[in-house]
Amino acid sequence: MNTRELQDRIIEMKKKNDVCILAHAYQSQDIWEVADFIGDSFALSKKAAATPQKTIVMSGVRFMAETCKTLSPDKKVILANPVAGCPMAMEMNREDVLKMQEENPGYATVAYINTTAELKTAVNVVVTSSSAVKIIRALPDKNILFIPDPNLGDWVQKQCPEKNFKFYNGGCPTHMRTGSSDVKRMRAAHPDALLLVHPECRPSVVEMADYVGSTTGIMKYAGESDASQFIIGTEASIVQHLQFQYPDKQFYLLSENCVCYNMKMTTLMDVYNAVAGKGGEEIVLPEEVITLSRKPIDRMIQLGG
């Protein structure tokens, strides 16, 4: 069976079994082509909550499936590949947060969406890379504990100088593997290309960028820009997707190390097995975790729209 034949089976099976397929932007092109919705993690969770299907298959990583379950507790949420996790989301647990809060009384705890549902039960508000600046500016609190990514936190801090920040020593391994030397090398090779990077990159990379934003923000910028060449400083699959969407433009990966191996774990056959009801893992969260982790998410929606 070839790729197209398997895709046709998935499309037929998802209609038969009343399944909605979500694909994170970092998934491969063959999975994108069978998905009902594509995007960043929180946007996908909102789509899952609004869709009429009662079964959701998440092609992404575990924390994304947990967020889907939090927003859609009455739906069956399946993670297509049970092994696919997020190293950054596993850097901190709830106990780590409580300890950090104890050591820093009077600070509001702001958690990146890339965290577990259990951790979210201990924080004040959740943010995404696209909403973090707006939400933190809207918070009445001056003192902020920003977890777990200090790189995203540094980018936010520079735009919110009126706030005091403290960070956890974490970060995304994929984005941390790029540095200013990669930027210099790629700019020398492609002097006319614009550099578009994710704020999870190191500050030394972010400072050299022409545009900094979320994954979907990067793709939107590349599509709307009059420029024809771009160096992409985020997960490698985005280069592939941009090549498909804008074949008249040129896209170059900032570093060969910009690969998220957890995102690459999910295959098209994993999606098929999950849709067919013979693969993946159903996400089950305690009712208390769903209730408590929903509160900082609701506050994010309230403050960020």
Between [X] and [Y], does at least one N-O distance fall below 4.0 Å, as a salt bridge requires?
X    : Y    : answer
K99  : E95  : no
E281 : R62  : yes
D210 : R187 : yes
R185 : D182 : yes

Does K249 make a cation-pi contact with Y246, if we ask for NZ or CZ under 6.0 Å from the ring centre and within 45° of the axis?
yes
Establish, from distance only, whether the side-chain atoms of Q101 and Y107 form a donor-acceptor pair under 3.5 Å.
no
Between N104 and K166: side-chain donor-acceptor atoms closer than 3.5 Å
yes
Side-chain heavy-atom pair D36, L22 within 4.5 angstrom cut-off
no
Taking the side chain as C-beta and beyond, is there a heavy-atom pair between T67 and I297 under 4.5 Å?
yes
Looking only at non-hydrogen atoms, find the nearest pair between V156 and F165 and report the distance.
CG1-CZ, 4.0 Å
Could you walk me through whether E162 and R137 satisfy the side chain to side chain contact (heavy atoms under 4.5 Å, CB included) test, starting with their C-alpha distance in whole Å, then the side-chain angles of each, then the deciding distance to 0.1 Å, before giving a yes or no?
CA-CA 9 Å; E162 71 280 9; R137 283 175 176 165; 3.8 Å; yes
Once you measure the plane-to-plane angle for H175 and Y26, does it fall in the parallel (<30°), tilted (30-60°) or perpendicular (>60°) bin?
tilted
If you group Ile, Leu, Val, Met, Phe, Trp and Tyr by side-chain heavy-atom gaps below 4.5 Å, do [X] and [Y] land in one group?
X    : Y    : answer
V61  : Y261 : no
M92  : I144 : yes
V125 : V133 : yes

State whether the side chain of N114 and the backbone N or O of A89 hold a donor-acceptor pair below 3.5 Å, judged by distance alone.
no
Side-chain donor/acceptor of D40 to backbone N/O of F42, under 3.5 Å:
no
So does E288 have more than 12 non-hydrogen atoms from other groups sitting under 6.0 Å from CD?
no
